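What follows is a short report on a single structure.
Numbering of residues begins at 1 and proceeds along the displayed sequence. Bear in mind the structure is a predicted one, so any value in this text is a computation, not a measurement. Computed over heavy atoms, backbone and side chain alike; hydrogens, waters and symmetry mates excluded.
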Amino acid sequence: MTTHWHTLRWRVLVSVTILLSLSLTQVTEGFPFVFNTNRKVINWTVPEDNWEIHSVPRSITPHVELKKYPNRTNPDPGQSDEEFLARLRNLKRNDTMARMLWYDTTPDGLSYPPFVDKALKLFNLKQVAFEIENSVMSKVSCTACKAGAGLLQHYIRAGKTKGEIIKLIYEFCVNLNIQSPRVCEGVSTLFGSEVIYVLQRVNLGPDEICSFVIGDACGDVYNPYHEWEVIFPPVPKPPVAELSMPKEAAPFFKVLHISDTHYDPHYVEGSNANCNEPLCCRLSSGRPSNPNDAAGKWGDYRKCDTPKRTVDNMLEHIADTHKDIDYILWTGDLPPHDVWNQTKEENLEIIKETVRQMSEKFPGVPIFPALGNHESAPVNSFPPPYVNQVDISIAWLYDELDVQWRRWLPQSVSHTVRRGAFYSVLVRPGFRIISLNMNYCNNKNWWLLLNSTDPATELQWFIYELQSAEFSNEKVHVIGHIPPGHPDCLKVWSRNFYRIISRYESTITAQFYGHTHFDEFEMFYDPHDLSHPTSIAYIGPSVSPYYDLNPGYRIYYVDGDHDTTTRLVVDHESWIMNLKEANLYDYPIWYKLYTTRAAYNMKALRPVDWSNLIDEMADNQELFDLYYKNYWKNSPIRPVCDAECRKRMLCDCKSGRSHDRKHFCQDVEAKVDDGSSKSWKSWLYRGLTNSEENRAASAADTTTEKWTAPDVLYIYTR
């Protein structure tokens, strides 16, 4: 999901409740800024989960048969998969490969207890709206969160019914013009029930709730209910060898990455693109007040999602242009952003339709999907497996995903898909893809307030898969939706994930995510040595133009089947469609925006190379400007990026661990500050020049709405 507004429920609930609190201070002395901790809560405990990781079927047969493409270097045609795998094993003799993952033996001959058994035992309002939409929080949002959470808990303690609380939220939402009446009704009804259900069952105050949800901006409040650590097997980390440069002219896989389609079946050309709701360009958005407010035929830069014709056109272009794709990564967010009136049935229909589209356009091409945060209804609502009541269980979604994904995935993944929408597949001998459900790190997923301890046991299962891969000398690519270093990812979950990446840095050779809608990347380092980069996460661009963006996709070239393969990404390309020109000339043209190694003059795409690029961008303004242009997918209405914006963006690149920017970003920020102080005159000249160019372009352009830069530029960095 896009970071721009998927927290619409927060906008309404928090905005309403902070204003409600100001008008109801007579209810209890000192309220809303002092809350009574002796609140009445439902006596609720987390049900026991007896899921056994080691009993789950594993994908152990290579799932992808490589096709032979002309003009493509291919492995020895006379070599079978079994022979190739045997050669890989012979190249790296490792005694630990003979050990069973779940039953290791000490030098003294004493048996360790199964580590999986250990794992199962653990287990001013506009500013607020801007910050919530863009996942850039400050103390203003923190105060609003505490007031809102405290007020809701007060009404629950006072014995008000769910219906009364929902009605109160709706009335204030409408009366204060926070949103249109139908948006207020949808949000209060869809999200109110879930929030009330959770708050009735948590024994946390506003300080703990808001620190958990917002992160560092709300203080690092100690919360024993949400402090946990995964358990690693008693196997030492192998010595880390320096990654070699991928061999030139070696066999490779050509991989398509599509993310954040946000297909809108109700998009209507010519409808109002400048409405007062979070999603426009529909008949229900009303008529445009002037021609510039009319929705374009192929999409719109304003708060509008992707019309069907644009999705079809993109898939046809890809099928015609890239006929030699080996497999596809599809990292979620299929439904549109009308979260106030979505239903389970409508979201399932969109999932089915997009799966049909992909199957028809790419017959015979393996597709590896990951679940986005928009697939659920309501959005961001992903109850863990122990929430199994029929009316609130997530089984309606996971069971259908298993049915739809089965056309591409082996039967062995069915158990984990139905449990938590994650899976592991052996793609080729010595090469595995693991798809994670990142909604269990989503801090907008209210269900995690009940218990955030490794929901669905996903991370412990992830360790199991990685350790098995390490024993089998397999390399792993990880795919998901929300990047683990993004502010939308819970701090405690992200911290545990970061440790896993560090432990298995020799096994995990790349990660792939979506969610932000921008074209970017994210770095991981050794927690004990920040000079040592361990992994790179590629964050693919969105198909949806929501908002201010051109539609886009990526092509990766991955080191293929040969004796010295690294399984690293050798290079990647980003392709976009210029939406402004497509609407102006009624002729969409998809073109390659850049190729990474050529654009940034990189010798390779190893983690160390990406880390060096961040340092270079901190020193080199022109190089950063190029990255910024590509980050925005060459959008003609991208805002100017000042020194603060530049620091935040480079810090985003450096931070694979969420809510811990101070730990990673001091050196980069110091470089930018030092460079800015030396070149303020050139910076001022560039700013004035860009302003004049923007004015001239705006005056000459009669086809789109005139645009002015917002007062707060940094919010666009996420």
Side-chain angles (χ1 to χ4, degrees), residues 3 134 136 483 485-486 516-525 530 533 536-541 548-550 552 554 571-574 576 592-656 661 664-694 709-710 712-718:
T3 60
N134 294 276
V136 180
H486 192 274
T516 72
H517 289 206
F518 295 106
D519 188 298
E520 52 181 324
F521 68 95
E522 195 171 81
M523 287 300 305
F524 293 74
Y525 295 86
L530 295 184
I536 169 70
Y538 297 95
I539 303 175
D548 292 346
L549 296 168
N550 285 316
R554 268 191 186 167
D571 208 348
H572 78 70
E573 307 164 348
S574 285
I576 66 167
K592 182 167 37 177
L593 178 63
Y594 73 98
T595 301
T596 305
R597 287 174 62 179
Y600 303 128
N601 194 27
M602 300 173 72
K603 294 181 179 179
L605 300 187
R606 300 166 300 178
V608 66
D609 300 304
W610 285 104
S611 184
N612 291 339
L613 177 64
I614 297 175
D615 293 334
E616 291 172 14
M617 288 194 292
D619 293 327
N620 187 329
Q621 180 69 48
E622 289 186 5
L623 183 63
F624 173 79
D625 290 343
L626 175 62
Y627 174 76
Y628 185 69
K629 167 190 166 184
N630 295 333
Y631 172 92
W632 277 90
K633 295 182 280 184
N634 200 24
S635 169
I637 55 174
R638 63 184 180 272
V640 175
C641 188
D642 62 9
E644 288 301 311
C645 159
R646 184 179 173 192
K647 285 193 293 186
R648 288 178 179 275
M649 286 192 60
L650 294 179
C651 187
D652 287 343
C653 296
K654 195 112 180 179
S655 304
R661 302 173 76 91
F664 295 101
C665 302
Q666 290 180 346
D667 57 338
V668 171
E669 291 176 346
K671 284 186 177 182
V672 174
D673 286 336
D674 184 53
S676 298
S677 64
K678 292 179 180 178
S679 58
W680 68 270
K681 290 183 179 180
S682 60
W683 171 83
L684 179 61
Y685 174 77
R686 280 196 306 272
L688 292 173
T689 303
N690 288 338
S691 297
E692 289 302 320
E693 289 176 352
N694 287 339
V712 185
L713 292 177
Y714 72 80
I715 61 167
Y716 286 95
T717 62
R718 274 291 185 186

Least distance between heavy atoms, [X] atom then [Y] atom:
| X | Y | answer |
| --- | --- | --- |
| Phe524 | Ala537 | CE1-CB, 3.8 Å |
| Met602 | Thr596 | SD-CG2, 4.0 Å |
| Asp571 | Leu605 | CA-CD1, 3.5 Å |
| Pro483 | Ile539 | CG-CD1, 3.7 Å |

Between Arg597 and Asp609 (salt bridge meaning N to carboxylate O under 4.0 Å), is one present in this structure? no
Which residues pass the side chain to side chain donor-acceptor pair (under 3.5 Å) test with [X], not counting sequence neighbours?
| X | value |
| --- | --- |
| Asp615 | none |
| Ser611 | Tyr525 |
| Asn550 | Tyr301 |
| Lys633 | Ser542 |

Taking the side chain as every heavy atom from C-beta outward, state whether Met649 and Glu520 have any pair of such atoms under 4.5 Å apart. no
Nearest-0.5 Å distance that lies between atom [atom1] in [X] and atom [atom2] in [Y]:
| X | Y | atom1 | atom2 | answer |
| --- | --- | --- | --- | --- |
| Asp625 | Lys629 | CG | NZ | 10.5 Å |
| Ile614 | Lys671 | CD1 | NZ | 10.0 Å |
| Glu522 | Ser655 | CD | OG | 7.5 Å |
| Ile576 | Tyr594 | CD1 | OH | 10.5 Å |

Please verify the inter-ring angle class for Tyr628 with Phe624; under 30° counts as parallel, over 60° as perpendicular, anything in between as tilted. parallel
Holding to ring pair (Phe, Tyr, Trp, His ring centres under 6.0 Å), I want the full list of residues that pass it with Tyr538, two or more places apart in sequence or in another chain. Phe512, Tyr556, His572, Trp610
Between the main-chain N or O of [Y] and the side-chain N or O of [X], is there a donor-acceptor pair closer than 3.5 Å?
| X | Y | value |
| --- | --- | --- |
| Arg554 | Asp519 | no |
| Ser635 | Asp548 | yes |
| Asn612 | Val608 | yes |

Does the pair Arg661 and Asp652 meet the rule for a side-chain contact (heavy atoms from CB on, under 4.5 Å), with working shown? CA-CA 8 Å; Arg661 302 173 76 91; Asp652 287 343; 2.8 Å; yes
Residues two or more places apart in sequence or in another chain: which of them pass side chain to side chain contact (heavy atoms under 4.5 Å, CB included) with Leu623? Tyr600, Leu613, Glu616, Met617, Asn620
Go through it in stages, so that I can follow the logic: the residues are Phe518 and Leu549, the test is side-chain contact (heavy atoms from CB on, under 4.5 Å), and I'd like the CA-CA distance, side-chain angles, deciding distance and then a yes or no. CA-CA 8 Å; Phe518 295 106; Leu549 296 168; 3.8 Å; yes
